[in-house]
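Everything below concerns the one structure shown next.
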There are 2 protein chains.
Amino acid sequence: MSSTFQNPSCQHCKDRFSSIFCKAEQCNLEQIDQAKVCSIYKKGQVIFHEGAYPFGVYCINNGKIKLSHSGDDGREQIIRLVKAGDIMGYKALLSNERYTATATALEDSSICFIPKDLFMSILQKDASLSFEMMRILSSELRKAELKITHLAQKPVRERLAETLLFIKETYGLEADSQTLNVRLSREEIANLVGTATESAIRLLSEFKKDGMIELEGKKIRLLDMTEIIRTANLQD
Amino acid sequence: MSSTFQNPSCQHCKDRFSSIFCKAEQCNLEQIDQAKVCSIYKKGQVIFHEGAYPFGVYCINNGKIKLSHSGDDGREQIIRLVKAGDIMGYKALLSNERYTATATALEDSSICFIPKDLFMSILQKDASLSFEMMRILSSELRKAELKITHLAQKPVRERLAETLLFIKETYGLEADSQTLNVRLSREEIANLVGTATESAIRLLSEFKKDGMIELEGKKIRLLDMTEIIRTANLQD
DNA sequence: GAGTGGCTATGATATGTGTCAAGGGAGAAT
DNA sequence: ATTCTCCCTTGACACATATCATAGCCACTC
């Protein structure tokens with residue numbers, strides 16, 4: 001699936017061509033640019049809340065967002081990490097239901113809002129945008145199903161290693177090309193792995209003792225990638 | 001989302017209007033009807049296999065199918081139960097990757113195959129079909145994410161009760177309005193719940209002892225629905 | 001009728017992981 | 001500085017659940 005730079009004049013695409021809107025036709029992009037409303041969310045601020053009705057989709061200009069369910073007992077499960085160029089809130093919109101997850105800023109973020117009616121009407125006209133949307137949904141579904149299998153079958157240790165790799169894939173590394181380019185609390189890491197906070201802490205300490213990673217507050221440096229991959233025990 | 005009976009002449013819709021193709025325009029339906037290839041799969045037979053390349057989508061005329069990942073250690077995780085009127089194989093097609101799951105017939109089933117090119121070209125022309133496709137994908141994604149949360153947070157007992165309800169929702173009950181209308185092995189139930197076969201067996205026995213269900217070979221009768229719902233501890 | 005293989009059931013046991021409790025460290029507010 | 005608060009860390013413990021082993025049951029075959 002090539003992510004060709006189709007619309008050089010598209011503001012959404014200028015610095016990140018991965019955005020779905022690069023797939024849209026020129027005239028539609030202009031409409032979106034006119035109607036969108038951008039705003040800044042502070043770290044910790046909620047963009048939308050589980051149970052609320054969706055009025056549009058959100059497109060991240062820059063920043064980092066977590067999408068999470070809050071389980072029955074109040075424990076949160078992080079479903080997805082969102083980065084610049086990604087969109088969010090489309091699932092509730094397309095299935096015509098309320099939000100099933102809460103979006104919270106992991107750091108100060110700049111986010112555009114695109115109203116529902118506009119988004120839907122353009123989706124109706126613009127087949128390549130629809131295709132891109134379906135591609136995104138399919139890919140998310142694939143990831144979710146893989147996660148289900150791993151949650152059911154893999155021990156926490158493997159899942160934690162996998163999660164570290166996942167964070168790296170999503171947000172990348174800092175200039176030193178070792179440090180994960182995001183600050184997550186231990187609790188958030190645990191909620192990503194699907195385990196108790198204490199278990200996550202204990203295993204991170206083990207990883208450190210084994211020389212796989214280095215810890216410094218919320219900074220996590222991946223020292224021995226091959227060993228981390230081996231521990232994650234990935235095969236599919 | 002209304003499932004209006006839009007095309008009375010659509011062969012796919014004659015007896016089950018839930019099929020996605022009811023959303024398609026008339027002319028496109030005729031094309032599909034011409035190009036589709038129907039065949040019968042025996043119980044236990046594999047329709048497509050994890051890792052293979054997709055050449056089209058499958059539409060179930062009647063029968064029951066399980067979609068499953070085979071985990072690293074060979075244990076299978078059942079991802080979805082497919083019923084008459086449903087389609088399958090679309091995820092790999094739309095994301096342009098190989099199948100991530102294996103489809104196996106749970107009983108003798110009649111299944112249509114629709115070639116990739118046709119399906120994609122109609123999807124391109126037919127916005128309402130695209131919307132329906134996106135609706136399906138969104139809804140599957142919602143379910144998958146909910147399952148992730150429950151796997152991470154709920155004990156096996158609750159998940160088993162939930163699974164019984166899920167099977168009932170999917171395949172319904174027999175004439176006595178108590179017996180689940182599908183025969184699954186204990187192992188398959190365990191792979192649906194995400195637990196060991198022995199654990200599933202033990203808990204089913206407990207449910208029986210508590211008067212919630214009745215067991216007779218692979219037949220499962222739901223006696224006390226309110227108690228099952230209570231045990232599932234659903235809240236979202 | 002005896003043998004075979006697959007599924008179901010149940011007991012014994014081991015262990016991974018969650019939970020509870022207490023302590024420690026860093027930064028913010030006063 | 002000092003307190004406060006939040007997060008991290010570690011230990012002890014209990015428990016749910018996986019694993020291993022064994023046996024019964026049923027359908028089928030030879």
Side-chain angles (χ1 to χ4, degrees), chain A residues 42-44 66 71-77 104 106-107 149-163 180 182-210 213-221 231 233, chain B residues 43-44 66 71-78 104 106-107 149-163 180 182-210 213-221 231 233:
Chain A
K42 288 279 181 193
K43 175 179 175 172
K66 66 173 174 183
D72 305 344
D73 51 351
R75 210 163 89 206
E76 89 167 346
Q77 175 65 37
T104 313
L106 291 169
E107 54 186 50
T149 306
H150 290 176
L151 268 171
Q153 303 192 349
K154 291 178 148 199
V156 177
R157 187 183 168 84
E158 294 184 21
R159 300 210 311 269
L160 175 59
E162 203 179 342
T163 299
L180 289 180
V182 65
R183 300 289 174 266
L184 297 169
S185 72
R186 300 295 192 256
E187 189 182 0
E188 284 169 328
I189 293 174
N191 294 341
L192 210 40
V193 174
T195 187
T197 308
E198 294 93 326
S199 297
I201 290 175
R202 257 182 265 269
L203 286 167
L204 281 173
S205 302
E206 276 190 36
F207 284 8
K208 179 182 168 185
K209 205 174 55 190
D210 297 350
I213 62 172
E214 214 171 74
L215 298 170
E216 185 190 332
K218 288 188 170 52
K219 273 191 195 174
I220 300 179
R221 259 188 293 279
T231 304
N233 189 22
Chain B
K43 174 179 177 172
K66 66 173 174 183
D72 305 344
D73 50 352
R75 210 163 90 205
E76 89 169 344
Q77 175 66 36
I78 299 183
T104 313
L106 292 169
E107 54 186 51
T149 306
H150 290 176
L151 267 170
Q153 302 192 351
K154 290 179 148 198
V156 178
R157 187 181 168 84
E158 293 183 20
R159 300 210 309 270
L160 176 58
E162 203 179 341
T163 299
L180 289 179
V182 64
R183 301 288 174 268
L184 296 170
S185 71
R186 301 294 191 257
E187 189 182 0
E188 284 169 327
I189 293 174
N191 294 341
L192 211 39
V193 175
T195 187
T197 308
E198 295 94 325
S199 298
I201 290 176
R202 257 183 264 268
L203 286 167
L204 282 173
S205 301
E206 276 190 36
F207 284 8
K208 180 182 168 186
K209 206 174 57 190
D210 297 350
I213 62 171
E214 215 171 73
L215 298 170
E216 184 190 332
K218 287 187 170 51
K219 273 191 193 173
I220 300 179
R221 258 188 293 280
T231 305
N233 190 22

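Chain letters run A, B, ... following the sequence lines, proteins first, then strands; residues in each count from 1.
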Examine [N]: is either OP1 or OP2 under 4.0 Å from a nitrogen or oxygen in the side chain of [X]? Give yes or no.
X	N	answer
A:Lys218	D:dC7	no
A:Ser205	D:dT9	no
A:Arg202	D:dA12	no
B:Thr195	D:dA18	yes
B:Ser199	D:dA18	yes

Between CG on residue B:Leu184 and NZ on residue B:Lys66, distance to nearest 0.5 Å: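 Reported to 0.5 Å precision, the distance equals 8.5 Å.
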Rounded to whole Å, how long is the line connecting atom [atom1] of [X] with atom [atom2] of [N]?
X	N	atom1	atom2	answer
A:Glu188	D:dC7	CD	P	9 Å
A:Glu206	D:dT9	CD	P	14 Å
B:Asn191	D:dA18	CG	P	11 Å
A:Arg75	C:dT17	CZ	P	13 Å
B:Ile220	C:dT8	CD1	P	10 Å
B:Leu215	D:dC26	CG	P	15 Å
A:Arg183	C:dG27	CZ	P	14 Å
A:Lys154	D:dT17	NZ	P	21 Å

Crowding at CD, A:Glu187 (>12 non-hydrogen neighbours, <6.0 Å):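 Result for CD/A:Glu187: open.
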For the side chain of [X], counting heavy atoms from C-beta on, which of [options] is nearest?
X	options	result
B:Pro155	C:dT8, D:dT9, D:dT17	D:dT17
B:Arg186	D:dT19, D:dT9, C:dA9	C:dA9
A:Glu198	C:dA9, D:dT10, D:dT19	D:dT10

Touch class at under 4.0 angstrom, heavy-atom based, for A:Lys208 against every strand present: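 It contacts nothing in the nucleic acid.
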Test item: A:Gln77 side-chain N/O and B:Gln153 main-chain N/O as donor-acceptor pair under 3.5 Å: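 Not a single qualifying donor-acceptor pair exists.
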Electrostatic pair A:Arg183-A:Glu107, nearest N-O below 4.0 angstrom: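 A:Glu107 and A:Arg183: not salt-bridged.
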Earlier contact from the 5' end, DNA chain D, for B:Leu203 and A:Ser185: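 Nearer the 5' end of the strand: A:Ser185.
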Qualifying residue, where the test is side-chain contact (heavy atoms from CB on, under 4.5 Å) with A:Ile201 and the options are A:Thr197, A:Leu204, A:Leu203: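 It is A:Thr197, the one option of A:Thr197, A:Leu204, A:Leu203 that forms the side-chain contact (heavy atoms from CB on, under 4.5 Å) with A:Ile201.
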